[in-house]
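Here's the structure we're looking at; comments come further down.
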Amino acid sequence: MSVGLSRKEIVKRRKKRARLKKKLKCRFCPDGNIPRPVYVDYKDLRTLRSLLDREGRILPRRRTGTSALYQRAVRRAVLRARFIGLLSFISED
């Protein structure tokens, strides 16, 4: 399969594979067990901002590594923080 590929292309493909294989862990359940109740604090703006991109959109699970249950909780927390006025709906730029 690697016949005809230059050394540079082979290295590039290996790096891409390594990047794809990197397993992200959920920041809310680090040991793998999901603590109950599933809750993300809407007042914790540092955590919520780390889960938003520059435009203010919520980052997807595949980028953050958040589990599905906690991704839903993050969405609820971001919506609450926006409604109360702690987070803006759009970027400040």
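Predicted model, so just to flag it, every value in this text is computed and none were measured. Residue numbers run from 1 in the order of the sequence given.
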Is L48 linked to F83 within one hydrophobic cluster, defined over Ile, Leu, Val, Met, Phe, Trp and Tyr using a side-chain heavy-atom separation of less than 4.5 Å? no
Heavy atoms only: give me the nearest C26-S67 pair and the separation to one decimal. SG-N, 3.5 Å
So for atom CD1, which belongs to I90, do other residues, nucleotides or ligands contribute more than 12 heavy atoms lying within a distance under 6.0 Å? no
Side-chain donor-acceptor pair present, R27, S50, cut-off under 3.5 Å: yes
Measure from the side-chain N and O atoms of Q71 to the backbone N and O of L59, and report whether any donor-acceptor pair falls under 3.5 Å. yes
Can you give the donor-acceptor pairs under 3.5 Å from side chains of residues 72-79 to other protein atoms, not counting sequence neighbours?
none

Which donor-acceptor pairs under 3.5 Å do the side chains of residues 32-39 make with protein atoms, sequence neighbours left out?
none

Gap between atom CG of L86 and atom CZ of R49 - 0.5 Å precision: 8.5 Å
Test item: L52 and I58 side chains (from C-beta on) under 4.5 Å apart, heavy atoms: yes
Following the transitive rule for hydrophobic clusters with a side-chain heavy-atom cut-off under 4.5 Å over Ile, Leu, Val, Met, Phe, Trp and Tyr, establish whether L51 and F89 coincide in one cluster. no
Tell me, do L5 and R13 make a side-chain contact under 4.5 Å, heavy atoms counted? yes
Across all chains, not counting sequence neighbours, the ring-ring contact (aromatic ring centres under 6.0 Å, His included) partners of Y42 are none
Report the C-alpha distance between D53 and R63 in whole Å, list the side-chain angles of each, state the deciding distance to 0.1 Å, and finish with yes or no for side-chain contact (heavy atoms from CB on, under 4.5 Å). CA-CA 11 Å; D53 65 358; R63 291 275 310 271; over 6 Å; no
Measure the spacing between OG1 of T66 and CZ of R61 and express it to the nearest 0.5 Å. 8.0 Å
